[in-house]
Amino acid sequence: MIRTHAAGTLTAELAGQPVTLAGWVARRRDHGGVIFIDLRDSSGLVQVVFREGDMAQAAHRLRSEFCLRVVGTVDRRPAGNENPELPSGEVEVTATELDVLSESAPLPFPVEGAGAAGVGEDARLHHRYLDLRRSEPARILRLRSRVNAVARRLLDERGFIEVETPTLTRSTPEGARDFLVPVRLQPGNWYALPQSPQLFKQLLMVAGLERYYQIARCYRDEDFRADRQPEFTQLDIEQSFVDQDDVIELGEEVVAALWGDLLGVEVPLPIPRMTYAEALRRYGSDKPDLRLDLELVDLTAYFAGTEFRVFQAEHVGAVVMPGGAAQPRKTLDAWQEWARSRGARGLAYVLVGEDGELRGPVAKNLSAEHLAGLPEAAGAAPGDCMFFGAGPRAEALAILGATRVEVGRRCGLIDEDAWRFVWVVDAPMFEPADTAAGAAGGWTAVHHPFTGPNADWTSRFDKDPAHALAYAYDIVCNGNEIGGGSIRIHSADVQQRVFDVIGLTQEQAKEQFGFLLEAFSYGPPPHGGIAFGWDRVCALLAGTDSIREVIAFPKTGGGYDPLTGAPTAITPAQRKEAGIDAVPNPR
RNA sequence: GGCCCUGUAGCGCAGCUGGUUAGCGCGUCGCCCUGUCACGGCGAAGGUCGCGGGUUCGAGUCCCGUCAGGGUCGCCA
C-alpha cells in the first residue's frame with residue numbers, strides 16, 4: 001500500500017509515530033508561513049501541517065481535490081488548538097514529504113465546505129464521482145452495501161440459495177413495457193430485459209431448489225417518478241412448500257434484521273396485518289401511512305336520500321381536519337386547487353364553528369337534519385374542518401386518502417421518527433380490464449396471472465371475479481410499499497381457470513408462457529415468495545426521500561444518464577449489424 | 001399523455017409594475033499573511049439571462065412556441 005495509515009483513524013495514541021497518508025485535499029488554509037491541509041480519504045479527515053521553507057512552498061500550490069501522498073509524523077496539536085469536531089482532532093500530521101499523485105481541475109461544484117449542501121441534482125449526477133467523495137453520498141453507498149450484507153447473511157443462515165437469473169430473456173406481453181435488445185446472430189429477433197425474475201424463480205421451484213433468493217436488477221420501460229428508475233433492484237425471494245404465513249414470517253425477519261442491525265430499531269413482531277378492503281375503507285389507500293391515526297369516515301348511508309347532487313354518489317366519505325375551521329378562505333380555496341391537481345372535481349368542506357355552527361358553501365346545500373347530526377357522524381368537534389369526497393367509490397376513497405395524509409402533514413400529526421409497518425393482505429385477484437390496458441376479457445390480474453386465490457376462493461373465484469381474493473400480500477412502511485408477493489398457482493386446473501377469467505386462450509397462454517406451463521406439467525411444488533423494492537428500502541434506511549440517492553449512478557426522469565450521456569444514437573453500421581430492421585426467419 | 005413549478009457567471013440565488021453599465025454569496029485566478037479548521041486581507045477575471053419567434057422606442061422581465069430538469073395524475077401484471 002502507498003499509505004501506512006488511514007487519515008480518519010489517527011489519534012493521540014499514535015503521537016510521535018511516522019505515518020504515510022494518501023488522499024485528497026478537502027480544504028486548504030494558507031497562512032503564508034504555515035499551511036493547513038485537511039486530507040480526506042475514505043476513513044475521514046486529518047489536518048496536515050506544512051511549515052516554512054520547502055514544505056510550505058510545495059503546499060502553496062495545492063488546490064482542492066488534488067490527490068496526495070504525504071509523509072510526516074503524528075503530533076499532538078498545541079494546547080487550545082484541538083478540534084473536537086473531528087475524530088482525529090487531537091492530533092495533526094506534520095509533513096516532511098509531499099508527493100502530488102495527481103492534480104484536479106477547478107471543481108464544477110463545491111465538494112466540501114460552504115455551499116456543498118445546496119448543489120443541484122443535475123450538477124451532482126453529471127459529476128457523480130465528485131459527489132460521491134462527499135461524506136453523505138458516500139455514507140449512503142456504504143449503508144447500501146451493509147443492507148445487502150445483512151439480507152444475504154440472514155437468508156444464507158436460513159438455507160436460501162442465491163441464484164443469478166438471465167438479464168437477456170424473452171419478452172412477455174403482459175405488464176410493463178419491456179426494454180428490448182437486438183440479437184446480431186439472429187437478425188430480427190430480440191431479447192427483453194426482465195421486468196423481474198418472476199418466471200425464473202418459479203422455474204427454480206420446479207427445479208427443486210426450494211429456497212431461492214437474489215438481489216436482482218429489474219427493467220421496466222415506463223414513465224419515471226421520484227421513486228422509480230428504468231432499472232431498479234429487488235430482493236427477490238421464493239420458497240417451496242410454504243403458505244402465506246410462512247412467507248410473511250420470513251419477510252418480517254428480513255425487515256427486523258435490517259432495521260435492527262442498521263438503525264438499532266426494534267421492529268415489534270409480528271407486524272400487524274390488515275386486509276386490502278380494510279386499508280381502503282379506513283385509510284383510502286392500499287399502502288396506508290399508520291404514523292397517522294386519523295381515519296376516514298363512511299357517510300354513504302348517512303347521506304342516503306340527500307338532495308345535494310354532489311353527495312348523490314356511490315360513495316360519500318369524510319376526513320376531519322382538527323382545528324381546520326380556523327383556515328382562511330384563501331387556504332380553503334387552495335385545498336380545492338390541490339384536490340383538482342390530483343384529478344378530483346373538488347373537495348367539499350363544512351367548517352364547525354367554535355359555537356357549533358356549521359358554515360361553508362356546502363352547508364347551505366344540506367338539509368337541516370343532515371346538517372344537525374353531521375359533526376357527530378363524522379367525528380368532528382367544534383373548531384374542526386370536515387372534508388368530503390363523493391363519487392365512484394375508488395375515486396372518492398383515493399382523494400380522501402390523499403387528503404388524510406395531507407391533513408396529517410399540515411397539522412403535524414405525523415411522527416417523523418416513527419417506523420410503522422403493516423401487512424396488507426387479501427388483495428383482489430382481478431380488476432376490470434377497462435382500467436388496465438391490453439386485456440381481451442372483462443378482467444385482468446391485479447398482481448400477475450400466477451397469483452393463487454386464497455383458500456376461501458379456490459373453488460369459486462371464476463364465478464365472482466369482482467370479489468375474489470388472492471393469497472397476495474404487500475408490506476408497507478410509513479405509507480411506502482416496500483415489498484409484495486403471493487402464493488403461486490401450482491395446479492394446472494386452477495391456472496387454466498385464471499386464464500379463462502382474464503380471457504387468455506390456450507394458444508395465447510402457450511405462446512406467452514408455454515415454457516412455464518410445460519415446466520408446471522412435471523410436478524410443480526406449492527410455492528410462493530416476496531420481492532422487496534430494494535432501492536426504496538435503502539432510501540428509508542438511509543433517511544432520504546429519493547431512491548436516486550441510494551443508486552450509485554442514477555438516471556434522470558427521461559431515462560437519461562447525465563454522466564455517460566446514455567442513451568445515444570447508433571451508427572448505420574451498428575444498426576445494420578444488430579439486425580434491427582431485419583425480418584426474423586420463421587422457426 | 002394531462003397539469004403545476006423551475007431554467008440568469010463554475011455552484012447556489014436576487015433582479016419590484018418592461019427602462020440606461022444584469023447584481024449578491026461561494027468558488028476560480030493573482031498578491032499578502034506562522035495556528036487555522038466555512039481562516040483572513042487586497043485586487044481581478046468570469047454572463048448567447050435554456051432556445052426560437054412575437055409585442056414594444058426599449059424585453060432577463062410581457063405573450064406564443066419549443067427544449068431540459070423537478071413534482072404530480074395517468075401508466076408501472
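Lettering follows sequence order; numbering is per chain, from 1.
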Spacing between A:E406 atom CD and B:U72 atom P, to the nearest angstrom: 12 Å

note: A:H31, atom NE2; B:C37, atom P; distance rounded to Å ~ 7 Å

OP1 or OP2 of B:C75 versus the side-chain N and O atoms of A:R220: is any pair under 4.0 Å? no

Establish whether the base of B:G70 is bridged to the side chain of A:D122 by a donor-acceptor pair shorter than 3.5 Å. no

Is any N or O donor-acceptor pair between the side chain of A:R340 and the base of B:C4 shorter than 3.5 Å? no

Between the base of B:C37 and the side chain of A:R77, is there a donor and acceptor pair under 3.5 angstrom? yes

Test for a donor-acceptor pair under 3.5 Å between the base of B:C37 and the side chain of A:R27, counting only N and O atoms. no

Roughly how many Å is it from CD in A:E92 to C1' in B:U34, rounded to a whole number? 12 Å

Classify the side chain of A:N83 versus the base of B:C37 as yes if they form a donor-acceptor pair under 3.5 Å and no if they do not. yes

Round to the nearest Å and state the distance from A:Q229 atom CD to B:G70 atom P. 9 Å

Given the structure, check if the side chain of A:D30 and the base of B:C39 hold any donor-acceptor pair shorter than 3.5 Å. no

When you compare the ring of A:F109 with the six-membered ring of B:C11's base, are the centres less than 5.5 Å apart and the planes under 30° from each other? no

Proximity to the side chain of A:V34 - top-ranked nucleotide from B:U34, B:U36, B:C11: B:U34

Please report, to 0.1 Å, the donor-acceptor pairs under 3.5 Å made by any side chain of residues 59-68 of chain A, with sequence neighbours excluded.
| residue | atom | partner | partner atom | Å |
| --- | --- | --- | --- | --- |
| A:H60 | ND1 | A:D30 | OD2 | 2.6 |
| A:R61 | NH2 | A:E103 | OE2 | 2.6 |
| A:R63 | NH1 | A:H60 | O | 3.0 |
| A:E65 | OE1 | A:R40 | NH2 | 2.6 |
| A:E65 | OE1 | A:R133 | NH1 | 2.9 |
| A:E65 | OE2 | A:R40 | NH1 | 3.3 |
| A:E65 | OE2 | A:R40 | NH2 | 3.3 |

Have A:T165 and A:Q214 got a donor and an acceptor in their side chains that come within less than 3.5 Å? yes

Under 3.5 Å, which donor-acceptor pairs do the side chains of residues 551-558 of chain A form with other protein atoms, sequence neighbours left out?
| residue | atom | partner | partner atom | Å |
| --- | --- | --- | --- | --- |
| A:K555 | NZ | A:E231 | OE2 | 2.8 |
| A:T556 | OG1 | A:Y560 | O | 3.4 |

Interatomic distance, A:R177 CZ vs B:G1 C1' [rounded to whole Å]: 10 Å

Say we look at B:C37 and B:G50: how far apart would their P atoms be, to the nearest angstrom? 38 Å

Return the value, rounded to whole Å, for the distance between atom CD1 of A:I399 and atom P of B:C73. 10 Å

Between B:G60 and B:G19 - C1' atom distance, rounded Å: 13 Å

